[in-house]
J.: 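To start, I am sharing the structure in question, which I have written as structure tokens.
All heavy atoms count here, side chains included; hydrogens, waters and symmetry mates do not. Letters go in sequence order (proteins before strands), and every chain restarts at 1.
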Protein chains: 2
Amino acid sequence: MNGPKMNGAESLVRTLVASGVEVCFTNPGTSEMHFVAALDHVEGMRCVLGLFEGVVTGMADGYARMADKPASTLLHLGPGLGNGIANLHNAKKAFTPIVNIVGEHATYHIKYDAPLTSDIEGIARPVSGWVKTSGSAKDVAADGAAAVAASMGPPGQIATLILPANTAWDESDGPAAPVAPAARPGPDANAVKAAAEALMSGKETLIHMTGDALRADLLEIAGRIQTKTGCRLSCMTSNGRWQRGAGRVAIERIQYPVDIALKQLESVKNLVLLGTKVPVAFFAYPDKPSVLIPDGCNVVELADIADDHRAVLTALCDELDAWGCEPKLQEAKKPDLITGGAITPDSVAAALGRFIPENAIIADESVTSGRGFMPYTQGSAPHDWLSLTGGAIGIGMPYATGAAIACPDRKVICTEGDGSGMYTLQALWTQAREGCDVVNVIFANRSYAILRHELTNVGALNPGRKAIDMLTLDRPALDWVALAKGMGVDGVRVDDADGFNKALARAVEEPGPHLIEAVM
Amino acid sequence: MNGPKMNGAESLVRTLVASGVEVCFTNPGTSEMHFVAALDHVEGMRCVLGLFEGVVTGMADGYARMADKPASTLLHLGPGLGNGIANLHNAKKAFTPIVNIVGEHATYHIKYDAPLTSDIEGIARPVSGWVKTSGSAKDVAADGAAAVAASMGPPGQIATLILPANTAWDESDGPAAPVAPAARPGPDANAVKAAAEALMSGKETLIHMTGDALRADLLEIAGRIQTKTGCRLSCMTSNGRWQRGAGRVAIERIQYPVDIALKQLESVKNLVLLGTKVPVAFFAYPDKPSVLIPDGCNVVELADIADDHRAVLTALCDELDAWGCEPKLQEAKKPDLITGGAITPDSVAAALGRFIPENAIIADESVTSGRGFMPYTQGSAPHDWLSLTGGAIGIGMPYATGAAIACPDRKVICTEGDGSGMYTLQALWTQAREGCDVVNVIFANRSYAILRHELTNVGALNPGRKAIDMLTLDRPALDWVALAKGMGVDGVRVDDADGFNKALARAVEEPGPHLIEAVM
């Protein structure tokens, strides 16, 4: 190599920056110290510390959903990666690109089975689409460029690069050139034809979408098709990112409760899948079906999640000659506040619908309390809605934080259950450190409320004290204002609807972070 | 089957209870609801809820280290297990028996790839010695009995039983009979002879021990051998459980810093391994060795961790005819308090040494601040010392909690770094709920102090702001008293040695839980 010497860590950091990776969410340990040192003196990579790895991976997910490009994470060997698994699972199900850099013992040290030795590749594989352990400092840069490309898929996925300490500190051959990600496949002509036929059949047809089909401009194309054909449009219960609100094409969300979802789908004769699969129940229940569409429903697989949804919708719009049909856009319509009395899911939803500011990001993890949010917020100021895609609770405050890092000029509102929030409450500290403009709304129902329902759903009736104790958080009650204070975030507790309405209105106006504990 | 109908979940709970499993540390979800219902109406299993799975697995580790038998955990599918991986890694390295019960989708539902679907066996395998997915409700009870036996090893290990929801709710054939664990191998006569020869060689000989060789009665046998032969006795840097203090045989701990460990071992001519391996560096460092014993040191593998250490030490004592040699017992000797001025590692160690009550349990995770604890506590009241065996930080407060559940009549003192404590702070809530008699001492040095040293150790000199920021917790400073209050635990902040001494003296006298934030 020419020029000054450069170790493997620095060659990797320079490669990541050249590949467009601008943020590293970190929770480093000893084996990552050379990488930390390289981050320190290479320009172009912002470093954001999380005090727990589940916060780190959740931030990376939220960041990439909003930035449309991967962040890197820096994690400490197998246990550090292990702590990040749950939110990587959510990111995997959202098809979010993430590049994990995971430290490992020096190659020659692994055989001694020191305390931190573990099967890092084994831990990575269940959540990663791409896993590699660098063999030498000479390989690290090229491996890094390959990892970034792999993370972009299509579709987006988790790429985990494991970096033995000596590959970081030994001499490299310098940075590697960026690798272009694979192109997204275009429309399949037969599938487009089949979808068009279904849509023109005169029978009830539903286009069921996710991925970037839920961006405002693609929804507008779907809206033209809807106007032309009279079809219904829906998205999954949980989607990586969904642009909605006033001025956008409103679509239905297939709901989580099986009985409601069955009702939503019972009249559908043609189901057109755009990046989705046939809707199934989140969990199996005795005596309830797994598959939620009616018998005999005709299914057309229009596009895979990996495909170029813009090109697919364009081709379908061409086929239907629908460009002249104006999409029906959601009118601006903010709900009235519900005042007086206790905080209820409806009063919260009304306040949210009223106060969501222009271009806000809703990072939602209000598993139980938030089910009624959709109708109240449909005509709110336009916003992006992020959902819990993998069902691994504990992503709300982390992905709110990552979204705020990606979009510092946009307000983020995190709607969070108290049970879910406790898994990754350390995110509040990063919000305070980085000055993230996030309003964290904690629904303090003081229980795993969803499980109270589920205990009945699975047929376990008349639970006793021991079961109830495992589903309640009220002994002792969590004090979220104290928890927030402990991490440098201002909080307020409210226990009636008027108090909540006022607190939300104020928090939306003031730069964050803030926390509102809504006692329900 | 005869008698009333019983579902798979109940057959499993009854089998676990019959197999001697008395506690279930839980963080359940929907797929575990039948198991929760069964726990509810079967007598004999105490249920302890943790608000994060790393707390659950760390509690199970602390419980089993003190109870000498496995607890069960109840975890929610792959992500729930993932959150528990880091502390399962520590338990694995401590050879702690744990039986994980992990929920899974109903067998017929897995193929639909619902959001929570993941490769649970893949996530389990890196930390588990035994993994099985039950195939039907008829198998669950026998699988449960096999899991308990597998967890007992020898040596102890993690047994993970994955329970598809329908195997819990379908009809079973009733409970299964307990399965006896495999016997621990007895002494190898040739190894005993070789060890005896080394010990009688007149050259410096070190018996390096871990596992139950560190229980008081076994240490007494080692002490007789020491008196007979003049050998040295040592244990690993981190051991699952070490009985020490006044009236016990004191042994050396091989230290974490490589340079100190090399000095401790440089004169050793014969190394006798009792449940240990040849000491190696915790991490590799450029220009430092991985193996810490001198060239030419004669190594005798006396016993594996799985072997019956009592029988092995007995055989060695026989071989050496050492039963008549009195072991040298540690005299009672409490250090003087260090008063005036700031809180320092020495002032804390002196206070700890002075105030450790009779028969206390020290759950130590004071990675940096606690290195000097050993000399100050050697002559304290007799106690059990638990250490971070796998290097996955975030076990301190969880294993303190589990130890308190196992030993409700003993005081537990958790010595915890602020950085480490933040990974699993939710343990404080369980301490409050269960009324655990734990004093949590948080060393608030407001940094990942160990990494400040390590950054220098790996040769990364003159770190800049970006690197320092990734290793410090002072922007904002954590307020541990507020965090504890948020979870129902009384806390106090002290910032000088006198204040700390008084706070510790008081907390040791009063039933817990308590938290002391020691600002350093």
J.: Under a 3.5 Å distance rule, please check whether H41(A) uses its side chain to pair with a backbone N or O of G464(B) as donor and acceptor.
T.: no
J.: Measure distances from T117(B) to the heavy atoms of chain A and classify the residue's part below 4.5 Å as side chain, backbone, both or neither.
T.: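 Contact with chain A involves both backbone and side-chain atoms of T117(B).
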J.: Determine whether a donor-acceptor pair (N or O, by modelled atom type, separation under 3.5 Å) exists between the side chain of W480(B) and the backbone of G486(A).
T.: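 Judged by distance alone, no pair lies under 3.5 Å.
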J.: Checking heavy atoms, do the side chain of L77(A), its backbone, both or neither come under 4.5 Å from chain B?
T.: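 Just its side chain gets close to chain B.
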J.: For the side chain of H109(A) and the backbone of V280(B), is there at least one donor-acceptor N/O pair under 3.5 Å apart?
T.: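 Absent.
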J.: With rounding to the nearest 0.5 Å, note down the distance linking CG in L116(A) to CG in L388(B).
T.: 8.0 Å
J.: If you count heavy-atom pairs within less than 4.5 Å of chain A, which of R433(B), H89(B), M422(B), R465(B) leads?
T.: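 Most pairs with chain A among the choices: R433(B).
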J.: Just give me the residue among A9(A), A165(A), P28(A), G50(A) that pairs up with chain B most often, heavy atom to heavy atom, under 4.5 Å.
T.: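 Winner by heavy-atom pair count: P28(A).
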J.: List the steps and the verdict of side chain to side chain contact (heavy atoms under 4.5 Å, CB included) for L451(A) and V36(B).
T.: CA-CA 10 Å; L451(A) 297 185; V36(B) 167; over 6 Å; no
J.: Return the option, out of T424(A), N27(A), V48(A), with the maximum number of heavy-atom pairs under 4.5 Å with chain B.
T.: N27(A)
J.: What part of T389(A) lies closer than 4.5 angstrom to a heavy atom of chain B: side chain, backbone, both or neither?
T.: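 Only the backbone of T389(A) comes within 4.5 Å of chain B.
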J.: Using a 4.5 angstrom heavy-atom cutoff, name the option from L473(B), N87(B), N166(B), I85(B) with the most pairs to chain A.
T.: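 Most heavy-atom pairs within the cutoff with chain A belong to L473(B).
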J.: Do you know which of D469(A), D170(A), D119(A) has the most heavy-atom pairs with chain B at a distance under 4.5 angstrom?
T.: D469(A)
J.: Could you check which of V489(B), V55(B), N83(B), I468(B) has the highest count of heavy-atom pairs closer than 4.5 Å to chain A?
T.: N83(B)
J.: Counting only heavy atoms from other residues, nucleotides and ligands, does the tally under 6.0 Å from NZ of K93(A) exceed 12?
T.: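 Yes, NZ of K93(A) has more than 12 neighbouring heavy atoms, counting only those of other groups under 6.0 Å.
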J.: Less than 4.5 Å to any heavy atom of chain B: does that hold for the side chain of A432(A), its backbone, both, or neither?
T.: both
J.: Minimum heavy-atom separation for A284(B) and Y108(A), please, with both atom names.
T.: CB-OH, 3.6 Å
J.: Select one option (side chain, backbone, both, neither) describing which atoms of K92(B) are under 4.5 Å from chain A's heavy atoms.
T.: neither
J.: For the candidates G82(B), S290(B), A114(B), which exhibits the highest count of non-hydrogen atom pairs separated by less than 4.5 Å from chain A?
T.: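 Winner by heavy-atom pair count: S290(B).
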J.: With only heavy atoms counted, which part of Y448(B) is less than 4.5 Å from chain A, the side chain, the backbone, both or neither?
T.: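 Contact with chain A is through the side chain of Y448(B) alone.
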J.: Is R125(A) close to chain B through its backbone or its side chain, or both, or neither, when contacts mean heavy atoms under 4.5 Å?
T.: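 For R125(A), no heavy atom lies under 4.5 Å from chain B.
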J.: Ignoring hydrogens and geometry, is there a side-chain-to-backbone donor-acceptor pair from K466(A) to C47(B) under 3.5 Å?
T.: no
J.: Hey, which of A392(A), P126(A), A168(A), G488(A) has the most heavy atom pairs under 4.5 Å with chain B?
T.: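 Most pairs with chain B among the choices: P126(A).
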J.: In terms of heavy-atom proximity below 4.5 Å to chain A, should A477(B) be classed as side chain, backbone, both, or neither?
T.: backbone
J.: Among A484(B), S31(B), A281(B), which residue has the highest count of heavy-atom pairs closer than 4.5 Å to chain A?
T.: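 Maximum pair count with chain A is reached by A281(B).
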J.: Using non-hydrogen atoms and a 4.5 Å limit, figure out which bit of L425(A) sits close to chain B: side chain, backbone, both or neither.
T.: side chain
J.: Less than 6.0 Å separating the ring centroids of F283(B) and H76(A)?
T.: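 When the ring centroids of F283(B) and H76(A) are compared, they turn out to be within the sub-6.0 Å range.
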J.: Out of G419(A), A86(A), G394(A), G390(A), return the one with the most heavy atom pairs under 4.5 angstrom to chain B.
T.: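 Of G419(A), A86(A), G394(A), G390(A), G390(A) has the most heavy-atom pairs under 4.5 Å with chain B.
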J.: Considering non-hydrogen atoms only, spot the tightest contact between E53(B) and Y423(A) and give its length.
T.: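 The answer is OE1-CE2, 3.2 Å.
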J.: Minimum heavy-atom separation for F52(B) to F52(A), with atom names?
T.: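 Shortest heavy-atom separation between F52(B) and F52(A) comes out as CZ-CZ, 3.3 Å.
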J.: Examine whether an atom of T472(B) lies under 4.5 Å from a heavy atom of chain A, and if so say whether it belongs to the side chain, the backbone or both; otherwise answer neither.
T.: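 When you check distances to chain A, atoms from both the backbone and side chain of T472(B) fall under 4.5 Å.
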J.: Evaluate whether atom CG of D113(A) has more than 12 neighbouring non-hydrogen atoms of other residues, nucleotides or ligands under 6.0 angstrom away.
T.: yes
J.: Quick check on the interface: out of G122(B), P476(B), G80(B), who has the most heavy-atom pairs with chain A under 4.5 Å?
T.: P476(B)
